[in-house]
Amino acid sequence: MRLQPPRVRWNKNAWTPVLGLMLVVAAWGVLTSPWTSFSPIMTSFSPARSVQALIDVVQAERTWGHVAASLQRVGVGLGLAFLAGVPAGLLIGRVAWLDRASSTAIQFIRMISPLSWMPIAVMVLGIGDAPIYFLLTVSAVWPILLSTAEGVRSVDRRWIEMARSLGATEAEVLRHVVIPAIAAHVVTGLRLGLGVAWIVLVPAEMLGVRAGLGYAILDARDRLAYPELMAMILLIGFLGWVMDTVIRRVQARRFHAAERSVGEVRTTPLA
Amino acid sequence: MIEISGAGKDFLLDGSVLQAFDGIDLVIGAGEIVALVGPSGCGKSSLLRAVGGLEPLSRGEIRLNGQRIEGPDVRIGMVFQEARLLPWLTVRENAALAAKFRSHRRRESGPAVDELLARVGLEAFANAYPEQISGGMAQRAALARTLMQRPEVILFDEPFAALDALRRMELQVWLAHMLREQGTAALFVTHDLDEAIIMGDRIVVMTGRPGRIHRIYDVPAADEKLRQIDHDPVYWELKKSILADLRATGGLKELNVS
């Protein structure tokens with residue numbers, strides 16, 4: 001029997017995202033080329049000019065000042081949303097009447113765009129970081145709260161019963177069973193909350209502050225530095241993607257076992 | 001000592017009251033092993049859960065050493081049908097779970113967790129996660145977790161139902177031996193008459209719903225390994241008699257008759 005030489009295989013899975021990204025860049029190029037774009041200003045946003053501007057932007061010190069300001073705001077907003085959302089989610093998931101009492105109100109408030117609170121936030125909290133923290137907290141708290149409550153509801157009742165039979169108090173059940181069991185759900189909520197907060201951040205920073213990525217976009221517009229404006233948009237997208245990827249990696253590694261807990265060995269009585 | 005007197009439990013099903021069991025009077029002495037057999041749905045598991053304080057009774061009462069049982073009690077251990085191991089903890093951490101609870105810490109210190117794992121034959125798997133071990137191993141880890149609690153009484157709800165026949169028999173002999181050695185009392189629900197004979201000091205046969213005690217058999221004492229129906233005719237007679245009871249109470253068709 002003749003042995004066949006091993007064939008080099010094209011790993012489709014690894015290359016598909018790259019292909020998708022290339023298609024997006026190609027579409028972007030077409031839309032901003034001088035021959036196909038419908039407005040002459042569009043050519044300022046072409047991939048080539050934007051990438052050149054991005055190289056300049058990442059080398060400029062003030063860019064990182066803007067990045068730091070934005071990350072700090074998102075950090076504070078997400079932190080506050082976590083501190084409010086997790087305990088509230090635990091309560092709502094654990095206490096049935098509270099769940100019933102709050103569900104309509106939560107769904108109602110959740111559907112209001114966080115940005116619509118902007119005028120009220122500025123009126124009450126003044127200009128500066130405070131209204132931005134408020135808007136980011138309001139936008140991130142719902143996914144964290146709802147995901148936590150959903151996690152609590154889906155905790156296997158049999159684990160709780162087992163812990164109680166070992167003599168655990170309510171607080172001990174919460175600490176040693178419920179909280180570890182919902183960790184994956186909380187991280188999912190944080191990830192969703194980060195996504196919303198990162199989206200709300202840019203318009204919120206167009207609101208009377210002198211630093212941050214949202215401010216940098218407005219600033220670039222005012223200086224008519226259009227390629228730089230596009231570079232800022234790319235930077236925002238890239239930073240968001242990096243943060244999401246980091247959380248997803250942590251989630252995949254840390255909560256792998258918990259996610260698979262659904263497949264716990266179940267027994268069937270003998271026929 | 002567990003004293004069950006006049007115990008009854010009702011469930012509400014589609015607006016009508018369903019009696020699970022009724023009029024149960026039973027005393028389980030210190031260190032005694034009692035098997036509970038009967039047709040499916042005769043309230044065996046409900047009775048077990050009531051003894052474990054996981055479900056309130058509708059009538060009557062259950063006392064442990066004279067104290068009325070109102071809820072889960074650290075002196076009563078429970079081994080469920082499924083292992084119920086927490087998937088984010090290792091086998092050792094699962095076995096040592098009771099040590100994290102204050103009600104346990106208030107009592108004098110119990111056996112070391114590694115010693116217990118060795119006793120259930122899991123010392124090599126102490127650092128494994130539940131998803132990495134077999135169903136039988138998980139059930140032994142669950143048993144170690146209950147033993148860690150150092151209960152005076154252990155309640156078993158068909159603990160070996162998921163295991164293969166050979167492994168099941170091995171564990172039955174081992175468990176009965178260990179319970180007797182430690183002087184731990186046990187009440188266990190089973191569908192397997194051989195298991196009841198191998199492990200039990202007494203066998204309680206229950207009627208169909210509402211479950212009542214039909215008859216109580218004393219199992220002739222012998223080493224667990226020798227309690228095989230093909231070994232001594234006395235066990236064969238006992239099994240025949242229990243089967244006749246179950247036939248009379250309508251529970252035979254649901255039993256595991258080997």
Side-chain angles (χ1 to χ4, degrees), chain A residues 86 90 93-94 96 147-148 150-190 250-271, chain B residues 40 49 52-54 71-90 94 97-107 129-139 142 145-146 148-149 151 155 158-163 165 168 190-192 254-256 258:
Chain A
V86 172
L90 276 171
R94 201 101 172 88
S147 190
T148 304
E150 187 46 44
V152 174
R153 274 184 226 114
S154 60
V155 171
D156 196 330
R157 301 284 127 189
R158 296 173 305 168
W159 293 344
I160 295 174
E161 205 177 67
M162 175 275 293
R164 287 189 60 221
S165 86
L166 287 181
T169 59
E170 266 298 300
E172 285 168 335
V173 166
L174 199 68
R175 182 168 161 217
H176 295 290
V177 180
V178 176
I179 289 176
I182 63 164
H185 273 90
V186 173
V187 175
T188 301
L190 265 177
V250 169
Q251 202 174 11
R253 194 178 297 181
R254 178 71 184 79
F255 303 114
H256 190 53
E259 297 274 278
R260 272 192 283 176
S261 71
V262 186
E264 199 204 8
V265 182
R266 294 192 68 171
T267 63
T268 42
L270 290 171
Chain B
S40 284
R49 291 171 59 80
L54 294 173
D73 190 304
V74 74
R75 292 169 297 172
I76 302 177
M78 191 133 184
V79 178
F80 301 92
Q81 268 187 41
E82 335 78 35
R84 304 193 183 186
L85 299 180
L86 300 177
W88 58 88
L89 299 181
T90 61
N94 264 295
L97 191 64
K100 289 185 174 167
F101 305 141
R102 219 174 37 188
S103 57
H104 174 87
R105 287 202 299 268
R106 271 206 298 263
R107 311 166 82 209
Y129 282 90
E131 60 170 21
Q132 296 169 311
I133 60 176
S134 72
M137 288 177 180
Q139 202 53 293
R145 179 180 62 198
T146 305
M148 182 79 186
Q149 196 183 335
L155 312 172
E158 298 186 55
F160 306 130
L163 308 185
R168 194 162 63 223
T190 181
H191 272 113
D192 181 344
E254 287 155 295
L255 269 155
N256 170 35
S258 49

> For Arg49(B), is it the side chain, the backbone, both, or neither that has a heavy atom closer than 4.5 Å to a heavy atom of chain A?
Replying inline: side chain
> Which bit of Leu89(B) is near chain A, if near means a heavy-atom gap under 4.5 Å: side chain, backbone, both or neither?
Replying inline: neither
>> Is there a side chain to side chain contact (heavy atoms under 4.5 Å, CB included) between Phe80(B) and Arg158(A)? Walk through the geometry before answering.
In response: CA-CA 9 Å; Phe80(B) 301 92; Arg158(A) 296 173 305 168; over 6 Å; no
>> If you compare all heavy atoms of Ser165(A) against all heavy atoms of Pro72(B), which two are closest, and at what distance to 0.1 Å?
In response: CA-CB, 4.1 Å
> What do the steps show when you test Glu172(A) against Lys100(B) for salt bridge (Lys or Arg N to Asp or Glu O under 4.0 Å), and what is the final call?
Replying inline: CA-CA 8 Å; Glu172(A) 285 168 335; Lys100(B) 289 185 174 167; over 6 Å; no
> Can you tell me how far CG of Leu86(B) sits from NE2 of His176(A), rounded to the nearest 0.5 angstrom?
Replying inline: 11.0 Å
> Phe101(B) versus Thr169(A): any side-chain heavy-atom pair under 4.5 Å?
Replying inline: no
>> Using modelled atom types and a 3.5 Å cut-off, is there a donor and acceptor pairing between side-chain atoms of Arg84(B) and backbone atoms of Trp159(A)?
In response: no
> Is there a donor-acceptor contact under 3.5 Å from the side chain of Gln149(B) to the main chain of Gly167(A)?
Replying inline: no
>> Evaluate Met78(B) against Leu166(A) for side chain to side chain contact (heavy atoms under 4.5 Å, CB included), listing each step before the verdict.
In response: CA-CA 8 Å; Met78(B) 191 133 184; Leu166(A) 287 181; over 6 Å; no
> Are more than 12 heavy atoms from other residues, nucleotides or ligands located less than 6.0 Å from atom CZ of Arg164(A)?
Replying inline: no
>> With a 4.5 angstrom heavy-atom cut-off, is it the side chain or the backbone of Ala171(A) that approaches chain B, or both, or neither?
In response: neither
